[in-house]
Engineer: 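My questions will all concern the structure given below.
Lettering follows sequence order; numbering is per chain, from 1. When reading the values below, keep in mind they use all heavy atoms of this one structure, side chains included, and skip hydrogens, waters and symmetry mates. These figures come from a predicted structure and were not determined experimentally.
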Amino acid sequence: MLASGTPYVIRLKVEPGREIVIQDLIRDQVSVQSSELDDKVLLKADGMPTYHLANIVDDHLMEITHVIRGEEWLPSTAHHVLLYEGFGWQDTMPQFAHLPLIMKPVGNGKLSKRDGAKFGIPVFPLSWKGEVEADSFTGFREAGFLPAATINFLALLGWHPGTDQEIFSMEELIAAFSIESIGKSGARFDYDKAKWFNQKYLQQSSDAELATMMAPYAAAKGYSTDAALLEGIARLMKERVTFVPDFVEEGYYLFEPVRTYDEDAVAKKWSARLEPSFQALIEWFRNTAAFEAITLEQGVKTFMAENTLKPGEVLPLLRLALAGTMKGPAVFDMAEFLGRDATCARLEAALQFFKTRITTV
RNA sequence: GGCCCGUUCGUCUAGGGGUUAGGACGCAGGAUUUUCAUUCCUGUAACACGGGUUCGAUUCCCGUACGGGCUACCA
C-alpha cells in the first residue's frame, strides 16, 4: 500500500494497562489510565507534525524547563508524557503548570474571541483587523487600557499574593508571584474590576505620562496640541476618567469650544433676571488682573457678595458656560486652563444661548 | 456519553478542625466637594448538598449536584 502511494499517518501507539501520572505545579498529581488514551496522530498525511509531536520535540531541543498553559491542555498532557518517555527524554521533561481558565463575563464557558464583540470588551492585548468584520476585534490597548493595569488585573485572576495588596508594580508582581499560589478554579472575567484597575493606574500616572498617552487620541480627533496643553488636561481630568480616550471624549471641551449645553441644567439654573449680573460678571472676567484659579475664585466670591448673588446662582452657570455640562473639573481650574480670552468667549456664547431659553422668573 | 479538573459573598478571592469567615470590585447610605469624579466612613452579601471521621467540621474522606475542560490528520 505504501508503495502504491496510499496516504497514511503515523500515530503514537499507546499500550493499555498502565497509569500515567502527570505531576502538575498547580494541581499536584493527575493520573490517567492509558486505556483511556487514543493513538494520537503524530505525523499527518501531508507529512507535517501535529502540535503534540512538534511541541515535545521543540521544547526538548529548546531545553524548556516549564510548560505553563491553560487547563484545556491537561487531558492531552498524558500523551505528552508518553512522548517524552518514548523519546527517552523523561529525565529532562519540563515541569507542567495548568492554569485555570478565564470564563465569560456572563453565561457559561471559557472566554473566547467572539465574546469581545458580544459583550463589548477587549479579549486580546492588541486590536486586529481581519479579512472580514467577524475576524476583527478591539484590543486592550486600543480600548484605552494601560499595559501595567491589564497585567495587574489578569495576574489577580487566579493568583493571590497572600496579602491584601492588589495594586502591584511590575517589580512587585515579579517578586511576589509564584506558580504554586495560583488557584485551581476558573475565574470569571470581571470587567468592572478591570476598569477599576485602569482607573487606579491612570490616577497614579504623572501628567506627563498621561499627556503622552492621550496624544494619539487627540491627534486622531484633529486637535493641534502640545505637551503643556495635554499635561494641563491630564491634571484636570485624571481623577474622573477610566480609559485614556476618556480624556478626549469626556473632556472634549478642553480641546475645543462647547458643542452643546445641558438643556435641563440650563433650564433649571438660568433666569432672565440674572442676565445683568451675568453680563457684569463677564466684564469682571475681562478685566480682572490675575487669571489664576485661586484669585479668580476669591474675586468671584467678592463679586457675588457685592451683588447679593448666591453661589448656586452663579457657579453652575459658569460651569455650563465653560463646559456645557454639569460634570467636570472645578470651575476656576477650567477658567485658568482656558485663559482669559477663551473663558470670556465662552461666557459670551453661553449668555447668547441662555437668552434663547424660555425661562420663568 | 466517557475521561480529567474544579466548587467560600453577585464577581475576584483569603482562610483553614474550635474565627464576629477577612480583603477587593460592584451595589446602597453617609462625610468632604455648592458640579462630576476622587478620597474617607458605614452597610449589603458566601463556606453547593448528603453522608461519614471527630468532642467539634466551612476546613479531612466518600458520594451527589452543579460548573468547566478534553474527547480533530486544531492548537
Side-chain angles (χ1 to χ4, degrees), chain A residues 7-11 20 22 24 26-55 69-79 98-111 153-167 181-197 199-200 202-204 236-242 246 250-251 262 265 268-269 301 304 310-320 322-334:
Chain A
Y8 67 94
V9 298
I10 293 179
R11 293 175 180 271
I20 294 130
I22 299 162
D24 189 277
I26 294 170
R27 287 150 217 284
D28 202 22
Q29 296 192 326
V30 177
S31 50
V32 181
Q33 295 302 320
S34 65
S35 54
E36 301 290 343
L37 271 27
D38 62 340
D39 292 341
K40 279 265 181 283
V41 170
L42 261 23
L43 281 172
K44 299 187 268 188
D46 63 4
M48 291 295 286
T50 60
Y51 167 82
H52 303 295
L53 207 218
N55 164 246
R69 60 204 344 181
E71 192 188 349
E72 69 262 40
W73 290 105
L74 197 47
S76 53
T77 303
H79 285 107
H98 287 92
L99 272 21
L101 265 20
I102 297 175
M103 318 302 280
K104 294 178 195 292
V106 297
N108 301 137
K110 65 173 173 177
L111 186 66
F153 163 68
L154 254 19
L156 268 313
L157 230 45
W159 170 78
H160 193 277
T163 66
D164 283 342
Q165 184 178 356
E166 293 212 280
I167 302 292
S181 51
I182 294 174
K184 299 181 182 70
S185 47
R188 197 176 284 275
F189 185 101
D190 183 354
Y191 196 54
D192 281 330
K193 189 108 184 212
K195 280 171 19 181
W196 178 78
F197 271 103
Q199 183 186 44
K200 278 291 188 194
L202 244 26
Q203 283 172 25
Q204 292 177 2
L236 257 31
M237 296 295 293
K238 69 194 292 184
E239 298 291 289
R240 45 207 114 223
V241 297
T242 302
D246 292 348
E250 291 183 24
D262 179 337
K268 195 180 294 180
K269 296 299 179 182
K301 277 181 177 168
M304 291 190 294
K310 284 177 282 189
E313 295 176 300
V314 176
L315 300 182
L317 291 173
L318 283 179
R319 165 172 303 288
L320 250 11
L322 298 182
T325 167
M326 289 306 288
K327 297 180 177 181
V331 173
F332 299 106
D333 286 342
M334 283 195 286

Engineer: Please work out whether the ring planes of H52(A) and H79(A) are parallel, tilted or perpendicular, with thresholds of 30° and 60°.
Structural biologist: tilted
Engineer: Using a 4.0 Å heavy-atom cut-off, does A330(A) contact any base of the nucleic acid, only the sugar-phosphate backbone, or nothing at all?
Structural biologist: base
Engineer: Looking only at atom P, what distance separates G50(B) and A14(B), rounded to whole Å?
Structural biologist: 25 Å
Engineer: Quick check against the 3.5 Å criterion: does D333(A) have a side-chain atom that pairs as donor or acceptor with the backbone of P329(A)?
Structural biologist: no
Engineer: Could you work out the separation of C9(B) and G63(B) based on their C1' atoms and round it to a whole Å?
Structural biologist: 27 Å
Engineer: Write down the distance separating the C1' atoms in C40(B) and C49(B), rounded off to the nearest Å.
Structural biologist: 42 Å
Engineer: Between Y51(A) and F189(A), which is nearer to the 5' end of RNA chain B once each is assigned its nearest nucleotide?
Structural biologist: F189(A)
Engineer: So what does K110(A) hit on the nucleic acid, given a heavy-atom distance under 4.0 Å: a base, only sugar-phosphate, or nothing?
Structural biologist: sugar-phosphate
Engineer: Look through every strand shown and name the nucleotide pairing with U7(B) as Watson-Crick or G-U wobble, where both distances are under 3.5 Å.
Structural biologist: A65(B)
Engineer: CZ of F153(A) versus P of C12(B): gap in Å, rounded?
Structural biologist: 10 Å
Engineer: Could you state the CD-P distance from Q199(A) to U39(B), rounded to the nearest angstrom?
Structural biologist: 7 Å
Engineer: What's the gap between C3(B) and U8(B) when it is taken at their C1' atoms, as a whole Å value?
Structural biologist: 28 Å
Engineer: Sort out the partner of U38(B) for me: Watson-Crick or G-U wobble, both distances under 3.5 Å, none otherwise.
Structural biologist: none
Engineer: Taking any heavy-atom pair under 4.0 Å as a contact, classify V9(A): base, sugar-phosphate, or nothing.
Structural biologist: base
Engineer: How is K200(A) classified with respect to the nucleic acid when contacts are heavy atoms under 4.0 Å: base, sugar-phosphate, or nothing?
Structural biologist: sugar-phosphate
Engineer: To the nearest Å, how far apart are E166(A) CD and G22(B) C1'?
Structural biologist: 12 Å
Engineer: Check the distance between U33(B)'s C1' and K327(A)'s NZ and give it to me in whole angstrom.
Structural biologist: 17 Å
Engineer: In the strands shown, is U58(B) matched to any nucleotide by a Watson-Crick or G-U wobble pair with both distances under 3.5 Å, and which?
Structural biologist: none
Engineer: Under 6.0 Å from the OH atom of Y8(A), do we count more than 12 heavy atoms belonging to anything else shown?
Structural biologist: no
Engineer: What's the closest nucleotide to the Q203(A) side chain, out of G69(B), U39(B), C5(B)?
Structural biologist: U39(B)
Engineer: With ring centroids as reference points, do Y191(A) and W196(A) lie under 6.0 angstrom apart?
Structural biologist: no
Engineer: Any base atoms under 4.0 Å from A45(A), or only sugar-phosphate, or nothing? Heavy atoms, all strands.
Structural biologist: base
Engineer: Could you state the atom-to-atom distance from NZ of K184(A) to C1' of G67(B) in whole Å?
Structural biologist: 17 Å
Engineer: Tell me yes or no: between the side chains of R69(A) and T77(A), is some donor less than 3.5 Å from an acceptor?
Structural biologist: yes
Engineer: Write down the distance separating the P atoms in A48(B) and C12(B), rounded off to the nearest Å.
Structural biologist: 14 Å
Engineer: Find the partner of A14(B): check Watson-Crick (N1-N3 plus N6-O4 or O6-N4) and G-U wobble (N1-O2, O6-N3) distances, both under 3.5 Å, and reply none if neither fits.
Structural biologist: none
Engineer: Have a look at S31(A) and say if it touches a base, only the backbone sugar-phosphate, or nothing, with a 4.0 Å heavy-atom cut-off.
Structural biologist: sugar-phosphate
Engineer: Mind calculating the distance between CG (D246(A)) and P (U38(B)) to the nearest angstrom?
Structural biologist: 13 Å
Engineer: Could you tell me the separation between the CG atom of D24(A) and the CD atom of Q29(A), rounded to the nearest 0.5 Å?
Structural biologist: 10.5 Å
Engineer: With rounding to whole Å, what would you report as the distance between G69(B) and U58(B) at their P atoms?
Structural biologist: 30 Å
Engineer: State whether the side chain of R188(A) and the backbone N or O of G107(A) hold a donor-acceptor pair below 3.5 Å, judged by distance alone.
Structural biologist: yes
Engineer: Whole-Å distance between A72(B) P and D38(A) CG?
Structural biologist: 7 Å
Engineer: Just name whichever nucleotide pairs with U20(B), Watson-Crick or G-U, keeping both distances under 3.5 Å, else none.
Structural biologist: none
Engineer: Taking N and O atoms by type only, does the side chain of R240(A) place a donor or acceptor under 3.5 Å from a partner on the base of C36(B)?
Structural biologist: yes
Engineer: In whole Å, what is the span from the CG atom of N108(A) to the P atom of U11(B)?
Structural biologist: 12 Å
Engineer: Determine the interatomic distance between C1' on G15(B) and the same-named atom on C60(B); round to the nearest Å.
Structural biologist: 16 Å
Engineer: When we call it a touch if two heavy atoms are under 4.0 Å apart, what does R319(A) touch: a base, just sugar-phosphate, or nothing?
Structural biologist: base
Engineer: Give M103(A) one of three labels, base, sugar-phosphate or nothing, depending on what nucleic acid heavy atoms sit under 4.0 Å from its own.
Structural biologist: sugar-phosphate
Engineer: For G162(A), which contact category applies under a 4.0 Å heavy-atom criterion: base, sugar-phosphate, or nothing?
Structural biologist: nothing
Engineer: Which residue, Q33(A) or G183(A), contacts RNA chain B at a nucleotide closer to its 5' end, judged by nearest heavy atom?
Structural biologist: Q33(A)
Engineer: Could you tell me whether the phosphate oxygens of C12(B), OP1 or OP2, come under 4.0 Å of any side-chain nitrogen or oxygen in K195(A)?
Structural biologist: no
Engineer: Using a 4.0 Å heavy-atom cut-off across all strands, classify P329(A) as base, sugar-phosphate, or nothing.
Structural biologist: base
Engineer: Just call it for D190(A): base, sugar-phosphate, or nothing, with non-hydrogen atoms closer than 4.0 Å on any strand.
Structural biologist: base
Engineer: Considering only the C1' atoms, how many Å lie between G18(B) and U13(B), rounded to the nearest integer?
Structural biologist: 24 Å
